[in-house]
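In listed order, ligands and their atoms are each counted from 1.
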Amino acid sequence: MEASLKKQYPWWQSTTIYQIYPRSFMDMNGDGIGDIQGIISKLDYLKRTGFETIWLSPFFQSPQRDFGYDISDYYRIAPEYGTLADIEQLIEEVHKRQMYVIFDMVMNHTSDQHHWFKGSKGDKEGHKKDWYIWHEGKSEGKRPPNNWRSLLLSRGWQFDEQRKQWYYASFLPFQPDLNYHNPEVKEAMFKVVRHWLQKGVDGFRLDIFNVIIKDSSFSNNPFNINPFPSYSNPISGFQKGAYTVNHPDNFELAKELRGVVNEFQDRERVLLGEVFGKHDTIRKFLGEKQEGLHLIFLFDMLKFRFSAHWFRKKIELYEKYYPAPFIPTIVFSNHDNRRSISRIKNNPEKAKLIALFQFTTRAVPVTYQGEEIGMTNAHIPLKQGLDPLAHKFRWVPQWVANLAPVTLNRDICRTPMQWSADKHAGFTISEKPWLPVNPDYTKINVASQNDKFESLLYTYRRLLHVRKRFKALQVGSITTIKHTPKSVLGYYRLHEEELIYIYINFSSKSIKIKFPRLASRLEFSTRSDNLLSHQQVFLKPLSGVIIRS
Ligand code: GLC
Ligand code: CA
């Protein structure tokens, strides 16, 4: 086919994303807190590893009660992270390396220190009076207006002494929800979006996007038998989020926001939504004809089971709900959850297989900083957590917290990035990093893995580079192979003439597989002793391969 006739794929469909939690990535000025210059200093590392897009957790002005997810000014940079000039430099440095950068947009709520909220609570009649979700209480104002809960097992309504009314907060009380039924609010937020797009950012990760618009009837949420929050019903507390979660207006908001982003015609930008719910609900965020968000996170992998069967089922499920041209976005770890390597007893050999799956299945893969070197959860008792969730749940016995389906002390996955075996893992020269460095840094760090073929980091690098070589791995179709031994996951990716097979052996036994095609080439293997010969693949225990046919 003529090159010009070939279908063009937008960059965000084939990209790989690396999540940076700025506070813990790299500290350049020695105050113990990661900063923007620190990120710039590590761009070459990310480029060399092979990641194409970076997503930055929030660095805007904030009282930092939720470490940046409580923004008090969307146009300013928190001074501990740097200046506007630093951010401009970062955008430029990223683009210089042919990489992309996306910011975190927290549209649902602001900090209670934002001047919008201060104005809103101070004056029932003032200009900002309807900018947040205010309501009179029941029983002469003494009780909340209805039964709506927050996402955190507690009441969603907070009483404000100044205004003598209740306001709703989906997350923590100091994060009041904005009122998107008010067109001024929407416009103010779209203005923020345009501002950063003009500055050159390549898109946004959208914080809790699916709870932004609540029902204006203020009807009570219905009863639900399950007391615990889950990804399909995040509201929890014996309640179904019928009027507060995944409200149909949010799907419309997705389309409107897409419209704003489409105003920027110079190149395509991306919207990646943090949404949760059943697949047939959340896929509506993408629109019927791809006119909604470009991508949404699928969080099933956070709770993966290490088995061929489990992963095969997920591939099939995702192909059912997100067939091309849609594409799933998969994530095994992030700044809100226990690191997923703890599900496989911190075993780097198993982590290699997870990475092989993540970079070869039909999806946009998102890696959380440190995942590529096998960083583990830190042991920080709930009572000592700086995370506001840890504070809220400090009464919970530690053993219960350890077993809880949600991570109550998110500090454990937010400890500083482990760059080397130097003091404080090379993260800071300060005596006191904002969170303690995980003591395992002497063994688990970038420097020690950099040039070791058998390391996890090296495996990531090889995988990311194989992925770049084959269009089939980036945008090809995916088909699972039915007749493999039980503990082997097999699938192939196909794009035009290019056909790529992937086999992953989840068991601790060697397995021989008959390979259907002649003239094939082993393009990648997690171990150097896997073999391909005479239409047979010899898979060592816990290993996987990529074969071009
Ligand atoms: C999202 C963020 C989380 C934050 C919360 C409130 O879930 O990922 O870190 O605390 O929203 O903004
Ligand atoms: Ca710093």
Side-chain angles (χ1 to χ4, degrees), residues 19-42 55-60 62-72 74 77-83 86 102-112 114 150-152 156 169-178 204-212 229 231 234-235 245 272-277 296-297 299 302 331 333-338 366 368 385-393 406-414 416-417 424 426-435:
Q19 180 192 357
I20 292 178
Y21 192 72
R23 209 173 181 82
S24 297
F25 195 56
M26 179 67 200
D27 172 25
M28 281 299 263
N29 68 349
D31 65 353
I33 298 175
D35 43 49
I36 298 162
Q37 285 301 330
I39 299 172
I40 294 174
S41 76
K42 295 298 183 186
W55 147 37
L56 309 175
S57 279
F59 46 77
F60 303 105
S62 159
Q64 307 290 354
R65 288 185 69 188
D66 191 16
F67 299 109
Y69 284 93
D70 49 333
I71 298 172
S72 55
Y74 291 78
I77 312 301
E80 59 262 62
Y81 296 139
T83 62
D86 292 325
I102 65 182
F103 288 180
D104 217 307
M105 260 303 289
V106 186
M107 291 173 68
N108 177 68
H109 52 266
T110 67
S111 155
D112 60 1
H114 196 294
S150 73
L151 300 175
L152 301 171
S170 295
F171 210 68
L172 289 157
F174 57 81
Q175 291 160 311
D177 284 23
L178 285 158
F204 301 97
R205 174 266 188 188
L206 306 164
D207 194 65
I208 49 175
F209 191 79
N210 64 328
V211 302
I212 293 184
Y231 274 100
I235 195 99
V245 180
L272 164 55
E274 184 199 21
V275 298
F276 18 77
I296 53 171
F297 281 112
F299 289 118
L302 294 175
V331 44
S333 287
N334 62 25
H335 65 296
D336 290 331
N337 292 281
R338 293 178 188 99
V366 186
Y368 175 52
L386 302 182
D387 178 11
L389 284 196
H391 193 72
K392 179 178 163 68
F393 293 109
V406 285
T407 308
L408 301 184
N409 179 10
R410 297 174 296 177
D411 288 3
I412 65 170
C413 64
R414 295 175 175 178
M417 179 71 185
H424 299 314
F427 162 72
T428 182
I429 53 162
S430 135
E431 275 312 309
K432 207 175 172 303
W434 80 281
L435 269 185

Original post:
With a cut-off of 3.0 Å, does any N, O or S atom of Met28 fall short of it relative to the Ca ion (ligand 2)?
Top reply: no
Original post:
At under 4.0 Å between heavy atoms, which part of Arg205 makes contact with ligand 1: side chain, backbone, both or neither?
Top reply: side chain
Original post:
Which heavy atom of Asp70 sits nearest a heavy atom of Ser62, and at what distance?
Top reply: O-OG, 2.7 Å
Original post:
To the nearest 0.5 Å, what is the distance between CH2 (Trp434) and CG (Asp411)?
Top reply: 6.0 Å
Original post:
Would you say the side-chain atoms of His335 pair up with the backbone N or O of Arg410, donor to acceptor, closer than 3.5 Å?
Top reply: no
Subject >> Enumerated ligand 1 atoms positioned under 4.0 Å from heavy atoms of His109 >> reply: 6 (C), 12 (O)
Original post:
For atom 8 (O) of ligand 1, which protein heavy atom lies nearest, and how many Å away is it?
Top reply: Asp336 OD2, 2.5 Å
**OP:** Assess the side chains of Tyr81 and Asp86: does a donor N or O sit below 3.5 Å from an acceptor N or O?
**Re:** no
Original post:
Which atoms of ligand 1 sit under 4.0 Å from any heavy atom of Arg410?
Top reply: 3 (C), 4 (C), 9 (O), 10 (O)
Original post:
How wide is the angle at the Ca ion (ligand 2) between OD2 of Asp35 and O of Ile33, to the nearest 10°?
Top reply: 100°
Subject >> Protein heavy atom at shortest distance from atom 4 (C) of ligand 1 >> reply: Asp66 OD2, 3.4 Å
Original post:
Measuring from Tyr368:OH to Trp55:CH2, what's the distance to the nearest 0.5 Å?
Top reply: 9.0 Å
Original post:
For ligand 1, which atoms sit closer than 4.0 Å to a heavy atom of Arg414?
Top reply: 9 (O)
Original post:
Which atoms from ligand 1 have a heavy atom of Glu274 less than 4.0 Å away?
Top reply: 1 (C), 7 (O), 8 (O)
**OP:** Output the distance between atom OG (Ser170) and atom CD (Gln175), rounded to the nearest 0.5 Å.
**Re:** 9.5 Å
Subject >> Exercise: identify the closest heavy-atom pair between Phe427 and Arg23 >> reply: CZ-O, 3.5 Å
Original post:
Between atom CG of Leu178 and atom CG of Asn108, what is the distance when rounded to the nearest 0.5 Å?
Top reply: 7.5 Å
**OP:** Could you pull out the atom name of the N/O/S atom in Asp31 that is nearest the Ca ion (ligand 2)?
**Re:** OD1
Original post:
How is the N/O/S atom of Asp27 that comes nearest to the Ca ion (ligand 2) named?
Top reply: OD1
**OP:** Please report which non-hydrogen protein atom sits nearest to atom 1 (C) of ligand 1, along with the residue it belongs to and the distance in Å to one decimal place.
**Re:** Asp207 OD1, 2.8 Å
